[in-house]
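Report on the structure given below.
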Amino acid sequence: MPELPEVEVVRRGLEGHVVGRTVERVEVLDVRSLRRHLAGARDFAARLEGRTVTAARRRGKFLWLVLDDDTPVVCHLGMSGQMLVEQPDAPREKHLKVALDLSGGTQLRFVDQRIFGGMLVSGGTPDVPDEVAHIALDPLDPAFDVEDVVRRARARRTGVKRALLDQTLVSGVGNIYADEALWRTPLHYARATDRLRPIDVRRLLGHVADVMRDALAQGGTSFDALYVNVNGQSGYFDRSLNAYGQEGEPCARCGTPIRRDTWMNRSSYWCPRCQPRPRGANARS
DNA sequence: GCTTGCGCCTGAATGC
DNA sequence: TGCATTCAGGCGCAAG
C-alpha cells in the first residue's frame, strides 16, 4: 500500500511527466472513484478538459495537481491506488478507474483495486485544497514544527500509536511506519501520550521522519522506480522492516520474538522486551 | 470538544 | 472442489 514515501515518489513522477501538459480528454470508467466529487463525473471532466497542469503537490498522503485556473485536483491513493503515465493504447489495467488524455500523446491513469482512494476537483487554494485544510503537516515538510506536535500530543488523552495515526496531529503516518518508529524509539503502542516525557515524543517524531527518509532513499526518484513500485514489487519497505509483519521473528535488537496484537481492527507488531506493555495509568490504547 | 469505532471496498488466503 | 469467512487498512463521519 502506498505510504508517504511512495506518494512522494508518485508526486515527483507527476511533476516530471504531467506538469506542463494539457488535459485533452477525461474518461471516467468507474464513478465510485469520483464519489467525493459531488457534482458528478461529467462536471469533473468539464473542469479538467482544456486545462494545463501547472504543479503537483502533496501533504501527508494527499496529492493534488494544480490547474492553470488555480483549481486543485485532489488525488488520494487510499489502500491500492496507482497513478500511471502510459501510452494511450497501452493495455488497460483491470482496475482502471479514470484516464486523462494529455497533450503530447500520453495518458495519466488512476488505477485503484479497492476504491478507498479517489479523485475530485477541490475548492480552496492551490496551496491548501479544502480537503487538505484539516490535515496536519507531515514530518518531511520543511515547516513541520516538532515542538508544536510534542505539545499537542502530550495534551491528548490517548495512546501514542493512535496519536501517530491521527492525521490532524501529524500526517502521512500509516500502520507500517507507526510500528517501525515505535520499535526504533522504542515505545509500546499503548503508552499514554500525556504520560510521555517531551524527549520521548521528540525521539519518536525523529524516528518517524527517519523511517520515511530511509524508505524514500530506497524507493528511488526515477519514473522507472515509480513503475516498479506501483506495480506491486514492494521491495521498497521489506528489506528494512524491523517490526511490521515480523511476528515470531527475532527482534533485531534483542532477539526476543516479535509479537502481533489485534488492535483497532488491525495489527500492531512490537518487541515485548524492548517495548514493554505499560500498565495502569501509563496505558491507553 | 475530544475520543472512539464503524463502514467503505476487493481479492488473496484460509477454513470447512 | 467449492463455498463461506477472515483479513488487510486510510479516511470520513457519527456516536459516545
Side-chain angles (χ1 to χ4, degrees), chain A residues 1-8 10-11 29-38 58-64 74-83 93-98 110-120 122-124 129-136 138-139 149 151-182 189-196 208 211-212 215 230-234 236-238 241 243-247 260-269 281 283-285:
Chain A
M1 76 221 65
E3 293 271 347
L4 183 145
E6 277 177 293
V7 178
E8 173 60 17
V10 171
R11 190 200 66 77
L29 294 100
D30 189 337
V31 292
R32 292 178 297 176
S33 289
L34 298 182
R35 66 177 179 275
R36 296 191 188 285
H37 184 82
L38 301 179
R58 181 188 61 75
R59 179 185 290 187
K61 297 179 190 174
F62 282 82
L63 190 64
W64 64 97
V74 173
C75 317
H76 199 292
L77 302 179
M79 292 290 296
S80 54
Q82 304 174 356
M83 299 288 267
E93 293 75 11
K94 183 177 177 188
H95 298 289
L96 178 61
K97 304 299 184 187
V98 181
F110 179 68
V111 177
D112 189 11
Q113 178 194 103
R114 290 169 65 181
I115 326 180
F116 275 28
M119 300 178 74
L120 64 96
S122 177
D130 288 343
E131 290 70 23
V132 179
H134 68 292
I135 301 292
D138 62 70
V149 176
R151 185 180 52 74
R152 285 166 46 225
R154 295 181 70 244
R156 296 197 174 194
R157 300 181 59 79
T158 189
V160 65
K161 184 170 172 180
R162 274 185 188 278
L164 276 184
L165 296 178
D166 184 338
Q167 303 293 301
T168 66
L169 180 68
V170 51
S171 71
V173 185
N175 202 38
I176 296 174
Y177 286 174
D179 280 0
E180 289 303 307
L182 287 165
Y189 64 83
R191 290 285 296 273
T193 52
D194 57 336
R195 308 279 288 217
L196 291 176
V208 170
V211 171
M212 288 178 174
V230 296
N231 284 339
Q233 294 159 27
S234 58
Y236 213 13
F237 313 111
D238 293 0
L241 290 180
Y244 185 85
Q246 307 299 305
E247 183 180 19
R260 171 183 176 271
D261 287 353
T262 298
W263 174 85
M264 273 180 75
N265 274 334
R266 55 202 64 180
S267 297
S268 268
Y269 296 88
R284 206 170 276 132
S285 68

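We name chains A, B, ... by the order of the sequence lines, and we start the count at 1 in each one.
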Legend entry - For atom NE2 of A/His37 and atom C1' of C/dG12, their distance in whole Å: 18 Å
Inset, instruction - Look at all strands and tell whether A/Arg260 reaches a base, only sugar-phosphate, or nothing, counting heavy atoms closer than 4.0 Å. - result: sugar-phosphate
Inset, instruction - Check the side chains of A/Arg260 and A/Ser267 for a donor-acceptor pair under 3.5 angstrom, ignoring hydrogens and angles. - result: yes
Legend entry - Rounded distance (Å) that lies between atom P of C/dC11 and atom CG of A/Leu164: 14 Å
Legend entry - Phosphate contact (C/dC11 OP1 or OP2) by A/His76 side-chain N/O below 4.0 Å: yes
Legend entry - Contact check, side chains of A/Lys97 and A/Leu29, non-hydrogen atoms, under 4.5 Å: no
Inset, instruction - Consider only side-chain N and O atoms of A/Asp130 and A/Ser122, and report whether a donor and an acceptor are under 3.5 Å apart. - result: no
Inset, instruction - Rounded off to whole Å, could you give me the NE2-to-C1' distance for the A/His134 and C/dG10 pair? - result: 11 Å
Inset, instruction - Round to a whole Å and report the spacing from CZ of A/Phe62 to C1' of C/dG10. - result: 9 Å
Legend entry - Any donor-acceptor N or O pair under 3.5 Å, side chains A/Lys61, A/Ser171: no
Inset, instruction - Using atom CG of A/Leu77 as one end and atom P of C/dC11 as the other, report the distance to the nearest whole Å. - result: 10 Å
Legend entry - Separation of atom NZ in A/Lys61 from atom C1' in C/dC11, rounded to whole Å: 10 Å
Legend entry - Ionic contact status for A/Asp194 with A/Arg157, cut-off 4.0 Å: yes
Inset, instruction - Could you pull out the closest heavy-atom pair between A/Leu96 and A/Val111, with the gap in Å? - result: CD1-CG2, 3.9 Å
Legend entry - Rounded interatomic separation in angstrom, taking CD1 from A/Ile115 and C1' from C/dA8: 16 Å
Legend entry - Along DNA chain B (nearest heavy atom to each residue), the more 5'-positioned of A/Arg36 and A/Gln113: A/Arg36
Inset, instruction - Identify, between A/Arg156 and A/Asn265, the residue whose nearest nucleotide on DNA chain B lies closer to the 5' end. - result: A/Arg156
Inset, instruction - Check whether more than 12 heavy atoms from other residues, nucleotides or ligands sit under 6.0 Å from atom CZ of A/Arg35, and answer yes or no. - result: yes
Legend entry - Nucleotide range of DNA chain B lying under 4.0 Å from chain A heavy atoms: B/dT3 to B/dG11
Legend entry - Close side-chain approach of A/Phe110 to A/Gln82, heavy-atom, < 4.5 Å: no
Legend entry - Separation of C/dC7 P from A/Asp261 CG (nearest whole Å): 14 Å
Inset, instruction - Pull out every stem in DNA chain C, meaning runs of 3 or more consecutive Watson-Crick or G-U wobble pairs with both distances under 3.5 Å. - result: B:2-16 with C:2-16
Inset, instruction - State whether a side-chain donor-acceptor pair under 3.5 Å links A/Asp261 with A/Tyr189. - result: yes
